[in-house]
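Report on the structure given below.
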Amino acid sequence: MTALTVVRPGALTTVQDLGRPGHAHLGVPRSGALDAPAHRLADRLVGNPETYATLETTVDGCAVRVDTAVTFAVTGAPCAVRADGRPVAWGAPVRVPAGTVVDVGRARAGLRSYLAFAGGVAVPPVLGSRSRDLLSGLGPQPLTDGAVLPLGTPCGPPATVDAAPCPAPPSDALVLPLVPGPRADWFAPTALDALARGAYRVSPASNRIGLRTDGPALERSVPGELPSEGMVLGAVQVPPDGRPVVFLADHPTTGGYPVIGVVPEPALTAAAQAVPGTRVRFAVVRAPSSPSGV
Amino acid sequence: MSDSRDDAPRPLRVGRRALLVEVADTAAAQALHAELLRRREAGTLPPVTEIVPAARTVLLDGLDDPGALAADLAGWTVPPLPPADGEPVVIPVRYDGEDLAEVAALWGVPEAEVPRVHSSLDFRVAFCGFAPGFGYLTGLPPELHVPRRATPRTAVPAGSVALAGPYTGVYPRSSPGGWLLVGRTDAVMWDPGREPAALLAPGTRVRFEVAR
């Protein structure tokens with residue numbers, strides 16, 4: 001069997017694919033790669049379907065030894081990539097011989113890099129996905145020193161590119177579109193203005209569950225808690241401390257704090273790459289043809 | 001929408017792909033959930049990724065045109081929750097929970113009566129959440145509703161059968177929790193290697209029985 005051995009697990013490296021949507025009614029988060037476009041690109045570069053699992057690193061990358069000749073690619077947060085210490089391309093397929101140590105370096109910008117191998121990381125799926133869900137603990141454990149991960153059989157030729165275009169991670173400010181509702185009416189009229197003014201910064205307490213923010217507390221007009229209701233990816237939930245949390249892939253499926261608005265899914269890629277301290281501004285947009293008047 | 005009936009489902013927009021449909025109470029949410037499943041089965045509901053019932057709402061996520069469904073929903077007449085058919089899931093319980101005496105006091109019955117009363121009721125999973133496989137079961141009459149603990153426990157053992165507000169629940173795994181514990185079960189509530197992984201899903205009928 002073809003496999004990887006973890007040489008340096010990094011701060012937090014998890015196996016991710018496109019997640020397990022469709023199980024929220026059982027309390028199962030969707031999970032999946034936080035920067036989904038980067039995950040998909042990494043898979044395409046090595047000739048995988050986009051459903052194949054990659055490794056998602058956090059801040060300081062990871063290193064693994066391959067026991068067979070294999071093609072890999074690194075996308076997402078830009079970083080130095082080395083094969084047995086030799087610099088190789090980022091954002092392009094790289095072929096290495098058996099025994100090579102592939103090292104994904106510290107992110108130069110952004111937070112999360114994606115390391116794909118031809119054939120994909122072939123751990124057993126749980127409810128149709130190999131993603132590690134950090135909220136409920138489904139899927140394979142985060143990488144640890146010496147852990148061995150199976151690789152699948154390559155099924156397609158790698159892409160013929162030298163360097164794939166990737167969007168740059170947000171640098172000075174993260175601008176997130178926000179569709180108000182469903183509970184915007186639980187907040188003072190000033191709350192949406194506060195979000196639009198960009199008075200928030202990405203909190204270091206952010207994780208795969210949510211992008212937490214530091215900044216002024218949003219003022220409520222309706223006190224108390226809401227009976228639990230279903231939560232979507234990108235929901236901006238406001239807990240009692242008044243500081244908005246943008247729900248990311250491992251978010252809880254239900255919650256009892258009001259959601260002032262929702263960040264559409266395509267914008268969450270930038271949220272997933274925003275380093276702590278980045279200024280956050282919400283650009284209020286309306287949903288088209290809103291029949292409920294929200 | 002001033003022309004809406006008071007009991008009509010009230011759709012709220014949630015971003016660009018979802019609707020949160022608000023109804024009067026948990027029974028109405030269960031009825032709407034059952035109607036949504038019936039329409040999905042019949043092929044008359046637009047494609048949707050998630051149907052998530054909760055206390056007073058049902059979330060529909062992954063819709064191509066939430067506006068069109070919202071307009072349609074306001075005119076729906078949702079039939080009351082039909083009587084559950086088929087056999088209930090039976091969960092054997094050792095009624096020896098740490099909060100049994102407190103529950104007995106809140107109910108105004110002797111401690112030995114709690115198992116008899118709790119195991120005589122018909123429950124139904126209103127919704128799931130908190131953890132994979134954790135169901136919020138309705139079926140306690142209002143006079144048997146109990147408050148949460150003021151201070152949650154940091155660890156409630158897996159299989160704990162517990163009460164809070166109008167709900168009964170079974171902890172699928174050890175986790176923090178503030179519900180009042182009445183007993184334990186050996187039933188496996190969640191096993192990702194099993195099909196289905198969750199013993200309880202929204203709509204499932206449940207009875208508890210006193211374990212011998």
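It should be emphasised that the depicted structure is a prediction, and the values quoted were computed from it without experimental measurement.
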Chain A contact residues among [range], heavy-atom distance under 4.5 Å:
range                       : result
residues 124-149 of chain B : B:Phe127, B:Cys128, B:Gly129, B:Phe130, B:Ala131, B:Pro132, B:Gly133
residues 27-55 of chain B   : B:Thr49, B:Glu50, B:Ile51, B:Val52, B:Pro53, B:Ala54, B:Ala55
residues 176-207 of chain B : B:Trp190, B:Pro192, B:Ala197, B:Ala198, B:Leu200, B:Ala201, B:Pro202

Would you mind reporting whether [Y] and [X] have side-chain heavy atoms less than 4.5 Å apart?
X        : Y        : result
B:Arg13  : A:Val179 : no
A:Val285 : B:Arg16  : yes
A:Glu229 : B:Leu12  : no
B:Leu59  : A:Met231 : no

(message) Would the distance check show the side chain of B:Arg173 and the main-chain N or O of A:Ser136 forming a donor-acceptor pair, the cut-off being under 3.5 Å?
(response) yes
(message) Report which part of A:Leu178 has an atom under 4.5 Å of a heavy atom belonging to chain B: side chain, backbone, both, or neither.
(response) neither
(message) Using a 4.5 Å heavy-atom cutoff, which residues in residues 249-263 of chain A come close to chain B?
(response) A:Thr253, A:Thr254, A:Val262
(request) Can you see which heavy atom on A:Val232 is nearest to which on B:Ala18, and at what distance? (result) CG1-CB, 3.9 Å
(request) Look at atom CD of B:Glu209 and say whether more than 12 heavy atoms of other residues, nucleotides or ligands are closer to it than 6.0 Å. (result) yes
(request) Sort out for me which of A:Pro177, A:Pro29, A:Gly230 touches chain B most, counting heavy-atom pairs under 4.5 Å. (result) A:Gly230
